[in-house]
2 protein chains.
Amino acid sequence: MKLTDAEWQIMNCLWARYPATARGIAERLPKEVEWAYTTIKTLLARLVEKGAVKENKKGNTSLYEPVLSKQNARRNALKMLANQAFDGAFGPLMHFLIEDEKLTESQKNDLLKAIQKQDRKEKSK
Amino acid sequence: MKLTDAEWQIMNCLWARYPATARGIAERLPKEVEWAYTTIKTLLARLVEKGAVKENKKGNTSLYEPVLSKQNARRNALKMLANQAFDGAFGPLMHFLIEDEKLTESQKNDLLKAIQKQDRKEKSK
DNA sequence: TGACATCTTCTACATCTGTAGTAGAATGCT
DNA sequence: AGCATTCTACTACAGATGTAGAAGATGTCA
């Protein structure tokens with residue numbers, strides 16, 4: 001499932017708080033995003049159609065909530081990026097991040113710790 | 001500069017070998033990609049238009065070569081993904097990769113080494 | 001020099017995306 | 001009950017994208 005830029009905005013709002021009404025989403029979108037209410041409704045309708053969001057009518061108002069989880073969306077997005085731009089593998093992608101982005105000392109430590117933590121978890125299985 | 005999916009295919013070919021003719025690119029695209037010759041030309045024209053590729057006429061045939069580097073394209077793509085899906089920062093993105101993707105032992109070692117190498121390089125500056 | 005092969009440039013067109021207006025239904029307030 | 005507010009459903013429309021055909025220009029080989 002591929003999300004468009006505009007759809008990510010909506011999903012990010014939804015993941016942050018749901019169920020949510022279109023109105024509520026409108027209020028919680030980043031301030032730079034100034035969409036007409038109906039724009040949001042259109043995007044939500046498209047998301048429902050593609051199965052990323054579920055819609056529940058309460059009275060005359062729809063409540064929306066994510067079906068696609070943030071984690072899966074992220075996984076998909078990374079996978080697609082890896083395929084498209086990093087020879088299909090995460091390794092090169094991570095190397096690129098490590099080598100290209102200037103990591104601060106603490107970010108590095110952070111990562112080292114994260115990797116080691118995973119490592120322990122793995123071993124204790 | 002944002003590349004579309006189809007444009008990435010072309011750029012990946014071009015980065016792998018350039019200057020290249022449209023015909024040459026056609027031959028080196030992954031076998032699953034079966035585009036008409038003119039499709040490739042259209043995409044190249046669009047890439048030239050957006051300044052990602054340079055075109056040089058040799059006789060009646062065009063030679064193409066990248067202007068946008070692979071490194072920059074990757075950087076941009078990652079930045080956009082981070083903005084869209086990872087709260088705008090690389091940290092969460094890397095954490096996600098480390099925690100979500102099952103890394104093999106050797107991949108982990110590999111990363112640890114890469115991080116440490118960066119670290120030394122940093123310190124020796 | 002003529003017939004083919006190959007290039008290039010234009011044009012085309014369906015689908016997807018971003019963005020929103022209109023109109024009718026439901027709800028709420030007085 | 002009547003008017004204002006707010007929803008939803010439907011329609012619209014321009015620009016981006018994927019994909020390619022048509023036709024004319026150029027090169028090539030016998």
Side-chain angles (χ1 to χ4, degrees), chain A residues 1-14 19-65 68 73 76-77 80-81 83-85, chain B residues 1-14 19-65 68 73 76-77 80-81 83-85:
Chain A
M1 170 128 37
K2 174 148 180 159
L3 300 176
T4 69
D5 292 357
E7 287 168 350
W8 272 98
Q9 294 285 348
I10 303 285
M11 293 306 289
N12 280 328
C13 266
L14 255 193
T21 62
R23 189 62 60 185
I25 290 172
E27 278 157 12
R28 288 191 296 282
L29 279 170
K31 43 257 144 295
E32 328 81 74
V33 179
E34 285 171 0
W35 285 333
Y37 175 79
T38 49
T39 297
I40 294 164
K41 287 289 291 182
T42 301
L43 291 171
L44 281 166
R46 287 178 186 168
L47 283 164
V48 168
E49 206 179 335
K50 48 165 112 168
V53 166
K54 187 168 28 152
E55 180 173 11
N56 276 67
K57 281 250 161 67
K58 269 293 165 203
N60 93 124
T61 302
S62 290
L63 285 182
Y64 299 91
E65 61 186 293
L68 174 67
N76 294 340
M80 285 187 293
L81 180 63
N83 280 331
Q84 176 161 76
Chain B
M1 170 126 37
K2 173 148 180 158
L3 301 175
T4 69
D5 291 357
E7 287 168 350
W8 272 98
Q9 296 283 351
I10 302 284
M11 293 305 289
N12 280 328
C13 266
L14 256 192
T21 62
R23 189 61 60 182
I25 290 173
E27 279 156 12
R28 288 191 295 282
L29 278 170
K31 44 259 145 289
E32 327 83 73
V33 179
E34 285 171 0
W35 285 333
Y37 175 78
T38 50
T39 298
I40 293 164
K41 287 289 291 180
T42 301
L43 291 171
L44 281 165
R46 287 180 186 167
L47 284 164
V48 167
E49 205 179 337
K50 45 166 113 167
V53 166
K54 189 169 26 158
E55 180 174 12
N56 277 67
K57 280 251 162 66
K58 269 294 166 205
N60 93 127
T61 302
S62 290
L63 285 181
Y64 299 91
E65 62 186 293
L68 174 65
N76 293 341
M80 284 186 295
L81 180 63
N83 280 330
Q84 176 161 76

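Just so you know, these numbers use all the heavy atoms, side chains as well, and skip hydrogens, waters and symmetry mates.
- One interatomic measurement links the two molecules: NZ of A:K58 to P of C:dA26, which rounds to 17 Å at whole-angstrom precision.
- With rounding to the nearest 0.5 Å, the separation of CH2 in B:W8 from CG in A:N83 is 12.0 Å.
- Atom CD1 of B:I10 sits about 5.0 Å away from atom CH2 of B:W35, to the nearest 0.5 Å.
- Note: CG (A:L29) to P (C:dG18) measures 13 Å, nearest angstrom.
- A:K50 places a side-chain N or O within donor-acceptor distance of the main-chain N or O of A:K2, the cut-off being under 3.5 Å.
- D:dT17 atom P lies 10 Å from atom CG of A:D5, rounded to whole Å.
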Produce the list of close N/O pairs, under 3.5 Å, pairing protein atoms with atoms of nucleotides 4-10 of chain C; give distances to one decimal.
from: C:dC7; atom 1: OP2; to: B:R23; atom 2: NE; distance (Å): 2.8
from: C:dC7; atom 1: OP2; to: B:R23; atom 2: NH2; distance (Å): 2.4
from: C:dC7; atom 1: O4'; to: B:N60; atom 2: OD1; distance (Å): 3.1
from: C:dC7; atom 1: O3'; to: B:N60; atom 2: O; distance (Å): 3.3
from: C:dT8; atom 1: OP1; to: B:K41; atom 2: NZ; distance (Å): 3.2
from: C:dT8; atom 1: OP1; to: B:S62; atom 2: N; distance (Å): 2.7
from: C:dT8; atom 1: OP1; to: B:S62; atom 2: OG; distance (Å): 3.4
from: C:dT8; atom 1: OP2; to: B:Y37; atom 2: OH; distance (Å): 2.5
from: C:dT8; atom 1: OP2; to: B:K41; atom 2: NZ; distance (Å): 3.0
from: C:dT8; atom 1: O5'; to: B:K41; atom 2: NZ; distance (Å): 3.4
from: C:dT9; atom 1: OP1; to: B:K57; atom 2: NZ; distance (Å): 2.9

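- To the nearest 0.5 angstrom, A:E7 atom CD is 10.0 Å from A:L44 atom CG.
- For B:S62, the side-chain hydrogen bond (donor to acceptor under 3.5 Å, both in side chains) test picks out B:E55, with sequence neighbours left out.
- In this structure, CD in B:Q9 is found 10.5 Å from CD1 in B:I40, a value given to the nearest 0.5 Å.
- In the set D:dT17, C:dA20, D:dA12, the nucleotide with an atom closest to the side chain of B:T4 is D:dT17.
- If you take CH2 of A:W35 and P of C:dT17, they are 13 Å apart, rounded to a whole angstrom.
- Rounded to whole Å, the distance from CD on A:E7 to C1' on C:dG18 is 10 Å.
- To the nearest angstrom, P of D:dT19 lies 8 Å from CG of B:L43.
- OP1 or OP2 of C:dT19 has not a single side-chain nitrogen or oxygen of A:T39 nearer than 4.0 Å.
- Distance CG (B:L47) to C1' (D:dT17): 12 Å, rounded to an integer number of Å.
- Note: CZ (B:R46) to P (D:dG15) measures 15 Å, nearest angstrom.
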